[in-house]
Amino acid sequence: MQSANLKHVYASMLLAMLFQLLPWEGLALELRPDFMLLTVIYWLLRAPHLCHIGTAWFAGLLIDLATGGLFGQYALAYAMTAFLAVSYQRRLALFNIWQQTAYVFFLLLLTQTTAMVLKLFGGNDFPGWDYYLHSFSSILLWLVVILSPIGVEAPPHKS
Amino acid sequence: MPRALEPQQTPAFFVRGPSPLARLVFFSALSLALIATDSRLHYLTEVRQGFIALLHPLQVVANAPFNLYHASAEYLTAHNTLVETNRKLSEQALHDGAKLQRLNELEVENEHLRSLLGASQIIAQPARLGEILYMGRDPFTQKMMVNLGTRQNIKPGQAVVDGDGVIGQVTRVYPFSSEVTLITDKELSIPIQVERNGLRAIAFGAGVDNVLDLPYLPVNVDIQTGDRLITSGIDGVYPVGLAVAEVTNIERNPDSPFAQITSKPVAGVKNHRQVLLISIPEIESALGTVINNTDSSAKTGKPAEKNSTTTPIPAGSASQNAIRQP
């Protein structure tokens with residue numbers, strides 16, 4: 001396993017932010033994977049000594065800025081997801097890739113739900129069930145990246 | 001020393017910093033504090049402006065491939081397409097020119113009539129051409145970003161229109177860009193008038209793509225499907241007579257005192273990239289004169305100020321009705 005350092009973490013987060021900032025529109029916007037969240041979950045599961053709850057919180061704050069909502073909504077959602085990811089991180093090494101994927105999918109859904117609850121408290125309306133399409137496209141992207149031979153290693157797992 | 005009472009500590013083999021739970025509590029408290037500060041106290045406007053300005057280079061990089069695509073698509077347009085659009089546009093210009101000649105004459109006549117009636121003059125509102133940077137990323141709101149900001153003297157509250165009708169209003173201004181809330185957003189409402197009979201109402205965004213609601217109108221209200229809704233100009237933000245929406249559906253339920261009327265905005269936000277940002281009319285002179293008249297007592301200052309902003313409007317709308325009636 002190639003050792004990761006902080007440079008990798010922040011470079012990948014910058015890249016994820018760039019993808020997040022592309023001018024998505026219409027259906028593409030609905031189907032867009034949550035690049036930032038995927039990157040953060042990946043580093044949380046692979047290298048929790050480099051990327052912890054604080055990093056996830058800061059990434060969430062950046063997403064708050066990019067979406068133009070209230071400060072702290074996505075930051076809180078990301079921090080809670082990061083807590084669950086980090087506290088089960090060592091147990092996850094006993095799982096195989098598919099079980100890990102299921103857990104990541106659960107984390108994605110949880111983040112979206114937390115963010116939605118916070119937005120609903122902020123006075124917004126429920127945007128409809130296609131809101132959860134982000135999680136489905138994100139998990140597909142996760143699988144493609146983990147299974148394809150492009151040099152991204154999966155988090156530690158039982159093979 | 002009773003050893004049994006000493007707290008048992010788990011040995012820390014590796015230095016891992018504070019426990020995840022402690023970190024979670026700390027960052028949750030921080031986020032909740034941020035949410036409260038941002039939503040209730042509005043202290044973070046400058047912070048947000050600074051961060052957005054910092055993110056601006058990244059945004060420019062992210063937009064670059066799309067700009068390049070559009071630029072090359074424009075460059076590689078076929079000759080006959082260009083000739084075709086050129087022909088169409090000059091035809092359109094001829095039609096519009098003929099209409100504009102009549103408009104000039106009508107404008108002079110209207111001004112003259114208004115001065116005869118003693119009604120307030122329609123204020124000219126200059127506009128600036130802006131380009132859409134991207135549509136809002138938040139699925140909970142209806143927003144978009146345009147490429148003009150405080151550097152170009154854009155102010156919050158300015159109306160945004162395109163060639164077909166009203167798009168929305170500028171709500172936040174950053175150094176190089178500004179955020180436009182679309183009229184379909186749940187937070188935005190716009191004073192309108194039914195073009196056919198001059199009935200005034202307020203349209204509210206439904207929070208969904210392409211839907212405007214007209215609540216609080218009685219069941220027997222005189223509105224038909226297909227009616228065009230135009231701005232009434234009562235708010236002093238949107239100029240009078242811009243197209244807003246077309247009524248698509250009316251539900252008259254006898255159980256409810258109000259009719260359920262939905263309409264569809266006419267502006268095509270998704271069809272083109274350029275929009276017009278109309279500046280807010282300056283009404284300080286009118287305010288100043290009225291305040292000077294009633295500056296004797298400080299107590300009446302506030303009601304007088306309120307009157308001064310509302311008085312020109314009924315006069316204006318009354319004159320509109322007066323002109324419409326014959």
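Every chain is numbered from 1 and lettered A, B, ... according to where its sequence line falls, protein lines coming before strand lines.
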Donor-acceptor contact below 3.5 Å, side chain B:Arg137 vs main chain A:Leu21: yes
NE2-CG distance between B:His56 and B:Asn63, expressed to the nearest 0.5 angstrom: 9.0 Å
Under 4.5 Å from any heavy atom of chain B - which part of A:Leu70: both
Chain B neighbours within residues 104-112 of chain A, where any heavy atom lies under 4.5 Å away: none
Side chain / backbone / both / neither for A:Glu30 at chain B, heavy atoms under 4.5 Å: neither
Segment of B:Glu179 engaging chain A (4.5 angstrom heavy-atom cut-off): side chain
Modelled atom types, side-chain donor and acceptor of A:Trp43 and A:Ser12, under 3.5 Å: yes
Positive for side chain to side chain contact (heavy atoms under 4.5 Å, CB included) with B:Leu229, one of B:Val166, B:Leu214, B:Leu212: B:Leu214
Region of A:Tyr131 that comes under 4.5 Å of a non-hydrogen atom in chain B: side chain
Donor-acceptor contact below 3.5 Å, side chain B:Gln142 vs main chain B:Ile183: no
Chain B contact via A:Leu61 - which portion, at a heavy-atom distance below 4.5 Å: side chain
B:Leu21 versus chain A, the contacting section by heavy-atom distance below 4.5 Å: both
Most chain B-contacting option - heavy-atom pairs closer than 4.5 Å, from A:Phe126, A:Tyr74, A:Phe83, A:Trp24: A:Phe83
Non-hydrogen atoms of A:Leu44 and A:Gln89 that approach each other most closely: O-CG, 3.6 Å
Top contributor to chain A interface from B:Val208, B:Leu24, B:Leu34, B:Thr37 [non-hydrogen pairs under 4.5 Å]: B:Leu24
Chain A contact via B:Phe27 - which portion, at a heavy-atom distance below 4.5 Å: both
Pairs of heavy atoms under 4.5 Å with chain B: top-ranked of A:Ile63, A:Val86, A:Leu29: A:Leu29
Side chain / backbone / both / neither for A:Ala82 at chain B, heavy atoms under 4.5 Å: neither
Options A:Asp130, A:Leu65, A:Thr67, ranked by heavy-atom pairs under 4.5 Å with chain B, top entry: A:Leu65
Smallest separation among heavy atoms of A:Met17 and A:Leu62, with atom names: CE-O, 3.8 Å
B:Arg172 side chain to A:Gly68 backbone, donor-acceptor under 3.5 Å: yes
Any donor-acceptor N/O pair, B:Ser189 side chain to B:Ile202 backbone, under 3.5 Å: no
Sidechain-backbone polar pair: B:Gln158 side chain, B:Ile278 backbone, donor-acceptor under 3.5 Å: yes
Name of the residue among B:Val180, B:Leu182, B:Leu276 meeting side chain to side chain contact (heavy atoms under 4.5 Å, CB included) with B:Val160: B:Val180
Spacing of CD belonging to B:Gln59 relative to CG belonging to A:Leu22, to within rounding of 0.5 Å: 8.5 Å
